[in-house]
Amino acid sequence: MYLLATDPDAGANGQIRYRIVNHPELFSISPNGTIYTLVPLDRELQSEYSLVVEASDGADVPRRTALTLTILVSDIDDNSPAFSLPNYVVNVPENSPVGTIILNLTAVDVDLFSNVTYRIKTVSAKQLFSLNAITGELAVLQTMDFENLAAMGMGTSYSFQVEAVDQAGVMPPGEATVTVRITDMNDFSPIFSQDLYMGMVAPNAEKGTVITTVFAEDQDPPGTPASFVRYTVDHDLSPYSGSIFDVEELTGRIVTKVNLNEQPSVTFKLYVIAYDDGEPVKTNTTLVEITVLQPSRIPIFTQEEYTFAPVSELAPVGTSVGTILAAAINQTIFYSIVEGNARGDFKVNNRTGVISTAKPLDYENVTSYILRVQADSMLVVMSNLRVASKSNTAKVFIEVRDENDHAPIFSRKLYIGGVTEDTKIFSSVLKIVAKDVDTGNYSANAYRLIIPPTPEGQESFVIETYTGIIKSAMMFRNMRRSYFKFEVIATDNYGKGLSNSAEVVVSVVNALDMQVVVSTVPPTMVEENKEELIKILERHIQDQIPGAKVIVEAIGPRRHGDGYELEDYSKSDLMVYAIDPLTNRAIQRQELFK
């Protein structure tokens with residue numbers, strides 16, 4: 001900007017000097033009246049200045065005049081959009097419907113005339129989430145299951161980068177990190193092992209007498225609050241019964257709440273609730289019928305059937321298995337095992353009713369026992385008048401628990417698989433199978449991978465912990481002829497027991513490695529017999545390349561005609577390729593064709 005002041009006086013009295021009165025640190029003026037800036041200006045800090053400029057002459061007592069200029073700072077694109085937060089953390093309930101909006105992102109560009117739009121920067125996140133470019137609404141693209149994510153080793157949170165872009169500007173986009181935490185929901189209610197429990201009690205039983213035990217199990221993941229079961233009496237349905245009987249919160253044992261003084265043959269109905277600690281809390285209810293015993297010379301068992309906790313096959317001789325209990329008025333009771341113990345594996349204490357092991361047990365020979373026990377008055381026993389009746393006999397169910405003495409065995413020592421360059425994230429690659437001759441949890445294998453991360457620190461593959469299915473965890477573009485070699489570990493007892501290992505090789509291929517195989521049967525029939533077909537193809541190829549692995553990438557109708565636009569569903573086209581175990585790479589298509 002250029003200013004000009006005039007003075008008609010002659011000589012020094014007419015010589016004009018200029019001075020910036022305010023903001024001298026920002027602006028300067030030359031002797032000829034040109035105003036210029038001393039430092040870069042920032043419109044976003046201050047968009048307008050009122051600048052006072054003084055002009056004075058060269059007299060001994062100079063005369064002065066001042067002028068106020070309004071300076072407007074014009075805007076340029078010198079700011080990137082900025083998100084309201086550098087890091088967003090959002091909790092999303094598992095199984096949220098597709099399209100659920102979980103977060104509203106906001107970013108502001110302080111430049112004038114900015115046009116901010118939003119996008120997801122992390123490529124893999126685009127398969128899981130969508131981001132509205134205009135509104136910044138972040139939504140889920142697929143339902144996410146807490147248990148499946150944990151089983152795949154992906155954890156229960158997912159972090160990715162988002163960007164805010166000024167469409168009209170030249171500055172780099174603004175960035176922020178979004179962390180989505182998948183929260184476990186309470187999927188299952190506790191389930192009682194029986195709809196009806198029955199128990200007996202003496203008319204004068206003391207407070208704290210154990211009558212029977214209820215049991216409920218919750219199928220939510222072990223160790224989570226949703227799987228923890230507790231018990232309580234439903235006092236609304238059992239107003240009187242709940243005043244004289246109770247259930248232990250953690251054990252489920254039904255006990256007398258007071259010293260009883262009840263009439264014989266009376267039956268009480270006690271409703272018991274099992275509830276978990278999940279969100280929301282889920283419950284279930286069962287009925288316990290408690291009958292007051294009739295005084296009699298024939299003892300009556302407190303239960304018609306006893307089921308004890310499984311006993312280890314390695315339990316030492318003399319290990320207590322459980323206790324049976326019968327009641328009779330003013331009588332000494334004698335207990336005995338009358339059936340189901342031909343081998344003499346168990347014995348019962350005649351006075352206390354404690355059943356214990358009499359011989360070493362062998363799960364591989366006998367997995368369970370059903371004993372019939374009898375309770376008699378000692379006077380009757382001494383008189384040789386013992387007669388079995390419905391009330392003084394009971395069944396005892398004993399399960400032998402298998403011990404973990406075998407490690408998992410893989411179906412092969414080397415697994416070979418392939419992925420194409422356009423394979424999507426979380427696509428199934430191959431299935432790992434390991435068998436364990438033990439039973440129960442000891443045969444339940446948990447799988448994990450020992451695999452180095454990529455140079456970018458990204459996992460290349462993950463494995464579903466309990467299914468053994470290996471899935472892709474990254475994109476493989478422009479990686480043809482590359483391969484990944486890593487180790488898979490199988491550990492029984494859900495990952496807490498014995499382990500074994502095998503090697504895995506996954507090769508990256510594309511259409512150049514594939515050969516079309518024509519079949520004269522429909523695609524559906526080929527799909528049904530896919531495994532058998534693979535074995536036939538492998539047998540031919542392995543004649544020349546030992547150990548080669550054939551992979552069928554696609555099965556479809558036979559294509560023919562100009563441009564192969566016609567489809568014949570009576571025949572099939574198979575896209576196949578094969579991996580050479582010596583090179584860990586796809587066999588050349590020309591060689592495969594031979």
Side-chain angles (χ1 to χ4, degrees), residues 408-424 427-435 447 449-452 454 460-461 463 468-490 500-521 523 525-556 558-559 564 571-594:
I409 302 296
F410 284 94
S411 57
R412 60 185 67 179
K413 295 301 293 183
L414 173 64
Y415 291 83
I416 300 176
V419 292
T420 62
E421 287 183 309
D422 57 356
T423 294
K424 294 182 178 179
S427 296
S428 297
V429 178
L430 54 86
K431 181 177 176 63
I432 304 297
V433 178
K435 299 291 185 181
Y447 299 89
L449 300 180
I450 299 180
I451 179 171
T454 64
S460 49
F461 297 91
I463 189 168
I469 296 175
I470 293 179
K471 294 189 172 184
S472 58
M474 60 176 285
M475 309 293 284
F476 303 95
R477 293 192 182 98
N478 302 319
M479 295 182 66
R480 179 178 177 245
R481 309 298 291 171
S482 301
Y483 67 89
F484 299 82
K485 191 172 184 179
F486 48 92
E487 191 176 15
V488 59
I489 307 294
N500 211 336
S501 65
E503 284 190 335
V504 180
V505 171
V506 180
S507 182
V508 182
V509 303
N510 66 13
L512 298 176
D513 302 307
M514 298 185 190
Q515 177 66 50
V516 177
V517 176
V518 179
S519 174
T520 58
V521 297
M525 185 176 296
V526 174
E527 190 70 50
E528 292 172 358
N529 297 277
K530 178 180 175 181
E531 294 303 319
E532 184 178 352
L533 175 62
I534 289 175
K535 291 179 181 178
I536 295 172
L537 294 174
E538 284 182 343
R539 189 164 61 247
H540 287 287
I541 296 174
Q542 289 173 1
D543 286 341
Q544 298 184 44
I545 305 177
K549 174 64 178 175
V550 171
I551 298 170
V552 176
E553 179 65 17
I555 300 173
R558 178 79 177 102
R559 291 184 175 274
Y564 297 96
K571 300 176 183 178
S572 306
D573 279 350
L574 290 77
M575 293 293 291
V576 303
Y577 61 94
I579 307 297
D580 186 339
L582 295 180
T583 64
N584 297 325
R585 294 182 173 89
I587 299 170
Q588 294 289 342
R589 180 160 59 183
Q590 296 85 347
E591 189 176 358
L592 183 62
F593 178 77
K594 297 177 185 178

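Because the structure is a prediction, the values reported are computed rather than measured.
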If every non-hydrogen atom of [X] is compared with every non-hydrogen atom of [Y], which pair is closest and at what distance?
| X | Y | answer |
| --- | --- | --- |
| Phe486 | Leu449 | CE1-CD2, 3.8 Å |
| Val433 | Tyr415 | O-OH, 2.9 Å |
| Pro408 | Ala490 | CG-O, 3.7 Å |
| Ile416 | Pro581 | CD1-CB, 3.8 Å |
| Ile489 | Phe410 | C-CZ, 4.2 Å |
| Lys571 | Pro523 | O-CD, 3.6 Å |

Taking atom [atom1] of [X] and atom [atom2] of [Y], what is their separation to the nearest 0.5 Å?
| X | Y | atom1 | atom2 | result |
| --- | --- | --- | --- | --- |
| Ile450 | Ser501 | CD1 | OG | 7.5 Å |
| Met525 | Ser572 | CE | OG | 9.0 Å |
| Arg481 | Asn510 | CZ | CG | 9.5 Å |
| Asp513 | Gln588 | CG | CD | 7.0 Å |
| Glu531 | Ile536 | CD | CD1 | 12.0 Å |
| Ile579 | Ile587 | CD1 | CD1 | 7.5 Å |

For the backbone of [Y] and the side chain of [X], can you confirm whether one donor and one acceptor N or O come within less than 3.5 Å of each other?
| X | Y | value |
| --- | --- | --- |
| Arg558 | Asp573 | no |
| Ser472 | Ser427 | yes |
| Asn529 | Val526 | no |
| Asp580 | Arg585 | no |
| Arg480 | Ala511 | no |
| Tyr447 | Ile469 | no |

Do [X] and [Y] come within less than 4.5 Å of each other through their side chains, counting heavy atoms only?
| X | Y | value |
| --- | --- | --- |
| Met575 | Val552 | no |
| Glu503 | Lys485 | yes |
| Leu574 | Ser519 | yes |
| Lys424 | Lys471 | no |

Query raised in the report: How far apart are the C-alpha atoms of Ile541 and Val550, what are their side-chain angles, what is the distance that settles it, and do they pass the side-chain contact (heavy atoms from CB on, under 4.5 Å) test?
Result: CA-CA 8 Å; Ile541 296 174; Val550 171; 3.5 Å; yes
Only residue of Leu430, Val419, Ile451 satisfying side-chain contact (heavy atoms from CB on, under 4.5 Å) with Ile470 is Leu430
task = Might you work through the side-chain contact (heavy atoms from CB on, under 4.5 Å) test for Ile551 and Val576, ending with a clear yes or no?
result = CA-CA 6 Å; Ile551 298 170; Val576 303; over 6 Å; no
Q | Check: Phe461 ring centre within less than 6.0 Å of Phe476 ring centre | A |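 Yes.
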- Item | Check against side-chain contact (heavy atoms from CB on, under 4.5 Å), Val508 and Phe484 | CA-CA 8 Å; Val508 182; Phe484 299 82; 3.9 Å; yes
key: Electrostatic pair Glu538-Lys549, nearest N-O below 4.0 angstrom   =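 Between Lys549 and Glu538 there is a salt bridge, with a charged N closer than 4.0 Å to a carboxylate O.
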Sidechain N-carboxylate O distance under 4.0 Å for Asp422, Arg477: no
- Would you please name every residue forming a side-chain hydrogen bond (donor to acceptor under 3.5 Å, both in side chains) with Arg412, sequence neighbours left out?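 Partners of Arg412 under the side-chain hydrogen bond (donor to acceptor under 3.5 Å, both in side chains) test: none.
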_Counting only heavy atoms not in Lys431 (residues, nucleotides, ligands), do more than 12 fall under 6.0 Å from its NZ?_
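Yes - once you tally the heavy atoms of other residues, nucleotides and ligands closer than 6.0 Å, there are more than 12.
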Q: Show the numbers, then the answer: is there a side-chain contact (heavy atoms from CB on, under 4.5 Å) between Met514 and Glu553?
A: CA-CA 9 Å; Met514 298 185 190; Glu553 179 65 17; 3.7 Å; yes
